[in-house]
**Student:** 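Below you will find the structure I want to go over with you.
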Number of protein chains: 2
Amino acid sequence: MANSVKKATLKKDILEAAAELFKEKGYAATSVRELAQSVGLEASSLYNHIQSKEQMLQEICMGNANKFTDGIEHILKTYSNPIEQLEQIIKLHIDVAADSLSSVTVFNDEWKHLSPPYQETFLKMRKSYESKVLDIIKNGIESGVLRQVDPKITLYSFLTSLRWIHYWFKPGRISKERLYDNLRIIQLDGLKKE
Amino acid sequence: MANSVKKATLKKDILEAAAELFKEKGYAATSVRELAQSVGLEASSLYNHIQSKEQMLQEICMGNANKFTDGIEHILKTYSNPIEQLEQIIKLHIDVAADSLSSVTVFNDEWKHLSPPYQETFLKMRKSYESKVLDIIKNGIESGVLRQVDPKITLYSFLTSLRWIHYWFKPGRISKERLYDNLRIIQLDGLKKE
DNA sequence: TTTACATACGAACGTTTGTTCGTTTTTTTA
DNA sequence: TAAAAAAACGAACAAACGTTCGTATGTAAA
């Protein structure tokens, strides 16, 4: 029992260190030896806890993909007003980013290095997420609560500035609430018909 | 004469191919042999035209950094109204992205792989660019033409959705003008006081 | 205390990396 | 056409890569 806990946390530590290094130097430029050293092990010892370098990337990417997939699903079930839904999406991105800054960065920037089967799955999940947000935007335009903008351009402009939260969000300096309030104003008061 | 032209275009072709590959696979995951093959040469032959792999990255990054530095300088000299200045910044980012899609991507995503002296220079230029845009935003808030938002959050939200134009801008599908019109509405009508 | 098991290790593996070298081929200049 | 310069090449390099293996060490179960 105590054993399995210890083991579980070590694996978590390794994944966290991996995310941190992948974020800092990029996946391809991070060596397994380097990663091992950062958790106080030799490279060969790592393989008692992980299966491969890429498997770590997979876990990081899929873990975050699931957070967004689950998040949007919950939003769609809980809210029906497009404005509210967009507000909740802003909150979702802030929460996920704040929850695990480095792993979100990896999720965003390093998915290219997933090998074909996993990359396909990943991109399918992302596409599905984007199309759900796109539907919200289209919905908002049709129902007249959003301005008459190009839905696709709006989608990417909207998601993009949320996807980059992890780049400048330093948890100590700005509260999640302040961040949310501002992003809501910046993003939505431009979309909302007055 | 004809010689120097030919030579110059080959070097340009190589840099373009490099930008394309760096964009597609990332700098670290792109091999010199692969790059050579993509321009129909052997790896060793490449070194008659380039000095090193990293030097190509430097040229790509610095080239684009200069475009933005020059662009913002010109905007500040030509326009005085913060709204107009922000509009021109949107135009600048669209123009640079449309001008060389892949090299802008590299400029955005692969600068990490610059070695210390160049990375420092690069980051200094970026910082300087950002602080100029920040001043415009602060200016706009103080003079009352922009909403009372957090300047830093606004800065990053604004620049971020512009920095990612290259991710979804496919020159054939949407015109620069349509893109500009929409981004101006999305971004500025949320900032402009009505 | 002995037996089993998970973990850590150093050494080694086959590959791939960026780059250099000496030579041959192509192009330009005189 | 001969001489000079530029460009392309195959072979080779030392280093670094991800991963495997046999063995030693420490820990938990009997």
Side-chain angles (χ1 to χ4, degrees), chain A residues 1-22 24-61 106 110 112-119, chain B residues 1-22 24-61 106 110 112-119:
Chain A
M1 311 271 143
N3 173 24
S4 79
V5 169
K6 216 178 199 173
K7 182 180 174 180
T9 60
L10 178 51
K11 165 117 194 216
K12 242 186 188 135
D13 285 350
I14 291 173
L15 279 182
E16 248 170 63
E20 184 63 29
L21 280 170
F22 292 168
E24 222 67 56
K25 324 191 54 180
Y27 172 78
T30 300
S31 75
V32 174
R33 285 166 177 83
E34 203 174 4
L35 167 61
Q37 199 182 12
S38 87
V39 293
L41 291 178
E42 291 301 318
S44 54
S45 311
L46 266 186
Y47 286 82
N48 286 322
H49 307 278
I50 62 159
Q51 286 184 20
S52 68
K53 184 188 177 188
E54 200 196 307
Q55 192 218 19
M56 292 187 288
L57 182 63
Q58 288 162 15
E59 291 195 24
I60 293 170
C61 287
V106 173
E110 306 298 328
K112 289 187 220 175
H113 301 104
L114 292 170
S115 52
Y118 295 94
Q119 185 172 127
Chain B
M1 310 272 145
N3 173 24
S4 78
V5 168
K6 217 177 198 173
K7 182 179 174 180
T9 63
L10 177 52
K11 165 119 195 215
K12 245 190 185 129
D13 286 350
I14 292 172
L15 279 183
E16 249 170 62
E20 185 62 27
L21 281 170
F22 293 168
E24 224 67 56
K25 324 191 51 178
Y27 172 79
T30 300
S31 76
V32 174
R33 284 167 179 82
E34 202 174 5
L35 167 60
Q37 200 182 10
S38 87
V39 292
L41 291 179
E42 291 300 318
S44 54
S45 312
L46 225 48
Y47 285 82
N48 286 322
H49 307 278
I50 62 158
Q51 286 183 19
S52 69
K53 185 189 177 188
E54 200 196 307
Q55 192 218 18
M56 292 187 288
L57 181 64
Q58 287 161 16
E59 290 193 24
I60 293 169
C61 287
V106 173
E110 306 297 327
K112 291 187 218 175
H113 300 104
L114 293 169
S115 52
Y118 295 94
Q119 185 172 127

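Chain naming here is simple, since letters A, B, ... match the order of the sequence lines and numbering starts at 1 in each. Remember, predicted model here, so these are calculated numbers, not experimental data.
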**Student:** Could you work out, with side-chain contact (heavy atoms from CB on, under 4.5 Å) as the rule, every residue matching Gln37(A), not counting sequence neighbours?
**Tutor:** none

**Student:** Which letter, B, S or -, goes with each nucleotide of nucleotides 18-24 of chain C from 5' to 3', with contact meaning a protein heavy atom under 4.0 Å?
**Tutor:** BBBB---

**Student:** Whole angstroms only, please: what is the CG-C1' distance between Asn48(B) and dT26(C)?
**Tutor:** 12 Å

**Student:** Examine dA8(D): is either OP1 or OP2 under 4.0 Å from a nitrogen or oxygen in the side chain of His49(B)? Give yes or no.
**Tutor:** yes

**Student:** Between Val39(A) and Ala17(A), what is the shortest heavy-atom contact and its length?
**Tutor:** CG1-CB, 3.6 Å

**Student:** In whole angstrom, what separates Leu35(A)'s CG from dG18(D)'s P?
**Tutor:** 9 Å

**Student:** Measure CG/Leu41(A) against C1'/dG26(D) and give the value in whole Å, please.
**Tutor:** 14 Å

**Student:** Met56(A) has an atom CE; how far is it from atom C1' of dT19(D), in whole Å?
**Tutor:** 12 Å

**Student:** In whole Å, I'd like the distance from the CG atom of Asp13(B) to the C1' atom of dA8(D).
**Tutor:** 16 Å

**Student:** Filter on salt bridge (charged side-chain N to carboxylate O under 4.0 Å, His left out), then keep only pairs touching residues 32-43 of chain B, sequence neighbours left out; what's left?
**Tutor:** Lys25(B)-Glu34(B)

**Student:** So, does Ser45(A) get its side chain near the phosphate of dC9(C), meaning an N or O under 4.0 Å from OP1 or OP2?
**Tutor:** yes

**Student:** Gln58(A): what forms a side chain to side chain donor-acceptor pair (under 3.5 Å) with it, not counting sequence neighbours?
**Tutor:** Glu54(A)

**Student:** Residues in salt bridge (Lys or Arg N to Asp or Glu O under 4.0 Å) with Glu16(B), at least two apart?
**Tutor:** none

**Student:** Whole angstrom is fine here: how far is it from NZ in Lys11(A) over to P in dA6(C)?
**Tutor:** 15 Å

**Student:** Whole-Å distance between dG26(D) P and Leu10(A) CG?
**Tutor:** 17 Å

**Student:** With Glu20(B), which residues qualify under salt bridge (Lys or Arg N to Asp or Glu O under 4.0 Å), at least two apart?
**Tutor:** none

